[in-house]
Amino acid sequence: MPVYRRSSGETAEAEAARAQDVLRLWGEEEGAIAAKVNGIPVDLNAFVPDGAVVEPILASTEEGLDILRHSASHLMAQAIKRLYPGTKLGIGPAVEDGFYYDVDPPQSLTEDDLQKIEGEMGRIVKEALPVERLELPRDEVISIFKERGETYKLELIEEIEDPFISLYRQGEFIDLCRGPHVPNTSYIRHFKLLSLAGAYWRGDERNPMLVRVYGTAFPTAESLRSYLDRLEEAKRRDHRKLGRELDLFSIQPEGPGFPFFHPKGMTIVNVLLDFWRKEHVKRGYMEVRTPLILEQSLWIRSGHWDHYRENMYFTEIDGRPFAIKPMNCPGSILIYKSQLRSYRDLPLRMAELGTVHRHERSGVLHGLMRVRCFTQDDAHLYVTEDQIKDEILGIMDLMHHIYGDVFGFPYRVELSTRPENAMGELSQWEMAESALKEALDESGTPYKLNPGDGAFYGPKIDFHLEDCIGRSWQCGTIQLDFQMPEKFDVTYVAADGSHRRPVMLHRTVLGSIERFLGILIEHYAGAFPYWLAPVQVRILPVKDDFLPYARDVEAVLKDWGVRTEVDLREEKLSRKIRDAQLQKVPYMLVVGAKEAEDRKVSVRERAKGDLGEMSLEGLEDLLNQEFNPF
RNA sequence: GCCGGUGUAGCUCAAUAGGCAGAGCAGCUGACUUGUAAUCAGCAGGUUGGCGGUUCGAGUCCGCCCGCCGGCUCCA
């Protein structure tokens, strides 16, 4: 009699059994949607070999959720094929928050069709169709999909080398699939179709475009509900909406991808940059500024002409060709080269809040997150080879300070290596890549490897911040560059009098100021911490009679360096409070007869509410307790 | 750039079936003189994104262009 084992070590004997039967021996079949046999996920009705370890996969685990969603994508594809016969199928995987299926329907689909498809999915769920795995010889599989006109599937099969190929069938629906899946369609209860979008077949823009139908599925109604609530929350936090409501910035039809910063948005940016400058001075950087437009020949020499031309804007001055800078490095190099540099000058840390223009394709623009003109908090470090590691560690420390200590953002690190269109020698790339790795290892930073994602002039370490709804944004980057110094013949005089070539480090911390502001808006849902709030305190006179006192208080606060305004309107106090709350002003000061008499203020904090009356000194103490990274 | 959707007052949204472009908020004017999340009244506000077409008649139907939204590809 075969023996089956549990991960805990327990064993049981039974006749040749399927995974579900083995789980039942231990009372573990409840809630399982698939099983793991010797660590490999399989269907519940898969036969288990003698001696195998069998564990349940629950829908509530990450692995189980993936299976549930993958099955949901099959369910959706089946519904689509029922409603729109002749639809050809692309691929339909589970993704981060749900699943999608790329389909090629005979007619175009609209949002209204989502409801219909959902309805049909509901019917298939009720049918409780068993989901069966088939393993058939290649030829047979090919003829099945030929017969069904599934040309995309045939293309996928061509790449599978195994003599046998697995398929999954539920009712009349058959799909090429590795599995595993839920045992029958009734397991998929809590799902929702979300959106439609175009997507190129196999992600290549030369291929035909299919319709990607997005949906999500969860094990319980509550978890589905909370996910949908989270989507709503994300909408509420959308920086484009808050940017308008809080009057921070706008993007006008006259400048697609070119944001306008309004006074309040600019205040936030300036506070942020004041902090940034202080921090950089502290860490031995000097600041420079280079021109926005430079002669085309410079860009040819730098390699941008060959590697980055499609993203650049060009112009002409006095009949000579010029380019608008898409990056700040060539300008920085010109400053470096403006005089002879000694090894004593290195490491030379040259920072620049550099405004760059890049031509982004119209479809990718997105509020402040993806624009055509942005300011990078750039820096170029000129270092000797044996300074590389320490300088990288120094930059990583700065990143950690700003992301972690100041903003409390979780972040991820990725190392990107040599891309296809790379410039320069392979050996230099290897040297550069291993220098970055060494720094990462020494600092003990966990990172993900992204082969082929480096810049054309060098490998890079990217820092991805995670925002409130789990999206990640690339902000900081450290790029190691042996190419530019070479191209521009950049040198320093070594101790022995010889001319040596420095290595160049390019780096940003915030990345793009625009994008960073967008992230901050969403992260704080517009309720900026006190130190960043465009208006820190709003003074609310109870009635006009107390305007003079309100002005007095305002003058005192301004003197303390607090960003203050007075609500001058002839409105009721409750109205003024409401408006200040909606503007997410951190502190409101109510001033009326009592306050004016005693030179006091009644303080209301936007989240805590009424804090009661206090003297101006008491207020000063209170404000001084607020977080301040300076 | 590509696919799909969408565009009405500063904002949010109405306008049966192709038949007089409207409301709330915001703004302005006036009244009210206000104590912890919306005082009342009046006024003003529009080339319905643009251009062309169909029609007796177009916000509505068709075509092209532009912007925006969601994706794809690409990226700070």
Side-chain angles (χ1 to χ4, degrees), chain A residues 100 102 104 108-113 194-214 235 238 240-241 244-245 247 250-257 308 310-311 326-327 354 356 358-378 453 455 460 462-465 473-477 479 506-516 518-519 540-547 569-583 588-595 602-606 609-613:
Chain A
Y100 67 79
D102 284 345
D104 188 359
S108 65
L109 299 181
T110 68
E111 301 277 333
D112 298 338
D113 292 310
L194 299 170
S195 62
L196 287 175
Y200 301 107
W201 168 236
R202 321 202 79 181
D204 188 327
E205 61 185 334
R206 289 163 302 197
N207 285 337
M209 184 159 284
L210 308 180
V211 181
R212 177 166 296 179
V213 188
Y214 280 94
K235 258 192 207 159
D238 191 312
R240 293 165 298 185
K241 183 171 170 281
R244 184 175 54 236
E245 289 171 1
D247 196 18
S250 62
I251 297 176
Q252 317 274 352
E254 289 84 350
Y308 209 72
E310 329 72 75
N311 287 300
M327 295 188 195
V356 297
R358 298 183 183 175
H359 177 72
E360 299 289 346
R361 294 157 110 182
S362 59
V364 306
L365 303 176
H366 178 96
L368 294 177
M369 303 297 198
R370 192 71 185 274
V371 293
R372 284 177 171 154
C373 166
F374 56 100
T375 298
Q376 295 181 301
D377 66 321
D378 215 344
D453 262 359
K460 57 179 185 169
D462 289 327
F463 293 76
H464 297 256
L465 295 195
W473 292 99
Q474 189 185 325
C475 291
T477 179
Q479 303 172 356
H506 309 238
R507 56 110 269 206
T508 63
V509 183
L510 308 177
S512 134
I513 305 305
E514 286 72 6
R515 175 179 290 183
F516 199 77
I519 294 169
L540 314 178
V542 173
K543 59 180 198 171
D544 291 6
D545 302 4
F546 310 114
L547 266 178
R569 298 171 305 165
E570 293 177 23
E571 292 287 353
K572 286 170 79 171
L573 178 62
S574 57
R575 175 54 180 272
K576 294 183 181 180
I577 286 175
R578 176 186 157 80
D579 289 341
Q581 287 285 155
L582 291 176
Q583 285 295 304
M588 287 150 264
L589 304 184
V590 175
V591 294
K594 290 181 288 178
E595 292 82 1
S602 287
V603 182
R604 181 187 166 102
E605 201 271 344
R606 70 182 162 199
D610 193 350
L611 301 183
E613 236 176 70

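Quick note on labels: first sequence line is chain A, next is B, and so on, each numbered from 1.
Look at CD on A/Glu605: it is 18 Å from P on B/U36, rounded to the nearest Å. B/A41 atom P lies 14 Å from atom CD of A/Glu571, rounded to whole Å. Regarding A/Asn207, its CG atom lies at a distance of 11 Å from the C1' atom of B/U73, rounded to whole Å. Following rounding to the nearest Å, A/Arg244 (CZ) and B/C69 (P) show an atom-to-atom distance of 10 Å. The nearest whole Å value for the distance from the CG atom in A/Asp579 to the C1' atom in B/U39 is 13 Å. The distance between atom CG of A/Asp544 and atom C1' of B/C32, rounded to the nearest whole Å, is 11 Å. As rounded to whole Å, 5 Å separates atom C1' of B/A38 from atom CZ of A/Arg575. When the P atom of B/U73 is taken as reference, atom CD of A/Glu360 falls 15 Å away, rounded to whole Å.
For the C1' atoms, the distance linking B/U16 with B/U12 amounts to 23 Å, nearest Å. Taking the P atoms as reference points, B/G63 lies 37 Å from B/G24, given to the whole Å. On the C1' atoms, B/G50 is 24 Å away from B/G22, given to the nearest whole Å. As rounded to the nearest Å, B/U48 and B/G18 have C1' atoms that lie 15 Å from one another. As rounded to the nearest Å, B/C68 and B/G49 have P atoms that lie 16 Å from one another. Comparing B/G27 with B/C72, their P atoms are spaced 40 Å from each other, to the whole Å. Atom name P, nucleotides B/A41 and B/C32: the rounded distance is 16 Å, in whole Å. Going from the P atom of B/A58 to that of B/G4 covers 29 Å, rounded to whole Å.
Of the side-chain N and O atoms in A/Lys543, one or more sit less than 4.0 angstrom from OP1 or OP2 of B/U34. A sub-4.0 Å separation between OP1 or OP2 of B/C72 and a side-chain N or O of A/Tyr214 is present. Side-chain nitrogen and oxygen atoms of A/His366 include at least one within less than 4.0 Å of the OP1 or OP2 phosphate oxygen of B/G70. Using a 4.0 Å cut-off, some side-chain N or O of A/Arg240 falls inside it from OP1 or OP2 of B/G70. A sub-4.0 Å separation between OP1 or OP2 of B/G1 and a side-chain N or O of A/Ser362 is present. Between A/Lys460 and the phosphate of B/A76, there is a side-chain N or O to OP1/OP2 separation shorter than 4.0 Å. Of the side-chain N and O atoms in A/Gln474, one or more sit less than 4.0 angstrom from OP1 or OP2 of B/A76.
When the nucleotides B/C2, B/A37, B/C68 are ranked by their closest atom to the side chain of A/Met209, B/C2 comes out on top. Closest to the A/Ser574 side chain, of the nucleotides B/G71, B/U39, B/U34, is B/U39. The side chain of A/Pro253 has B/G67 as its nearest neighbour among B/G70, B/G67, B/A37. Counting only heavy atoms from C-beta on, A/Val364 has its side chain closest to B/C74 among B/A76, B/A37, B/C74. If you check B/U36, B/A76, B/G35 against the side chain of A/Val542, the one that comes closest is B/G35. The side chain of A/Arg358 lies closest to B/A76 when the candidates are B/G35, B/A37, B/A76. In the set B/U34, B/A37, B/C74, B/C74 carries the atom at the smallest distance from any side-chain atom of A/Arg370.
In this structure, the aromatic ring of A/Trp473 is not positioned over the six-membered ring of the base of B/A76 within 5.5 Å between centres and 30° between planes.
When both pairing distances are held under 3.5 Å, B/U6 makes a Watson-Crick or G-U pair with B/G67. Both distances falling under 3.5 Å, in either a Watson-Crick or a G-U wobble arrangement, occur for no nucleotide opposite B/G45. A 3.5 Å limit on both hydrogen-bonding distances identifies B/G24 as the Watson-Crick or G-U partner of B/C11. The partner of B/G18 cannot be assigned: no Watson-Crick or G-U wobble pair with both contacts below 3.5 Å exists in any strand. With a 3.5 Å ceiling on both atom-pair distances, B/G57 lacks any Watson-Crick or G-U wobble partner. In this structure, B/A38 makes no Watson-Crick or G-U wobble pair, since no nucleotide meets both defining distances under 3.5 angstrom.
No hydrogens or angles were tested; on distance alone, nothing pairs the side chain of A/Tyr200 with the base of B/G71 as donor and acceptor under 3.5 Å. Applying the 3.5 Å distance criterion, the base of B/U73 shares a donor-acceptor pair with the side chain of A/Arg361. Side-chain atoms of A/Glu595 and base atoms of B/G35 include a donor and an acceptor less than 3.5 Å apart.
Atom CH2 of A/Trp201 is separated from atom CG of A/Leu210 by 7.0 Å, given to the nearest 0.5 angstrom. A/Glu570 CD to A/Lys576 NZ: the interatomic distance, rounded to the nearest 0.5 Å, is 8.5 Å.
Using a 4.0 Å heavy-atom criterion, one finds that A/Glu570 contacts the bases of the nucleic acid, with or without backbone contacts as well. Residue A/Arg515 is in base contact, counting any heavy-atom pair closer than 4.0 Å across all strands shown. A/Val356 comes within 4.0 angstrom of nothing in the nucleic acid, heavy atoms only. Heavy atoms of A/Ala593 sit under 4.0 angstrom from at least one base atom. Within 4.0 Å (heavy atoms only), A/Lys576 reaches no atom of the nucleic acid at all. A/Thr477 comes within 4.0 angstrom of no nucleic acid atom, judged by non-hydrogen atoms across all strands.
A donor-acceptor pair under 3.5 Å is formed between the side chain of A/Asp377 and the backbone N or O of A/Gly511.
Place A/Leu210 and A/Glu613 on RNA chain B by their nearest nucleotides, and A/Leu210 ends up nearer the 5' end. Along RNA chain B, the nucleotide closest to A/Gly592 and the one closest to A/Gly257 are compared, and the more 5′ of them pairs with A/Gly592.
A donor-acceptor contact closer than 3.5 angstrom links the side chains of A/Asp462 and A/Thr477. Side-chain contact annotation: A/Gln474 with A/Arg515, donor-acceptor N/O pair under 3.5 Å absent.
A/Leu368 approaches A/Gly518 most closely through the heavy-atom pair CD1-N, 3.9 Å.
Salt bridge annotation for A/Lys543-A/Asp545: present, with a cationic side-chain nitrogen under 4.0 angstrom from a carboxylate oxygen.
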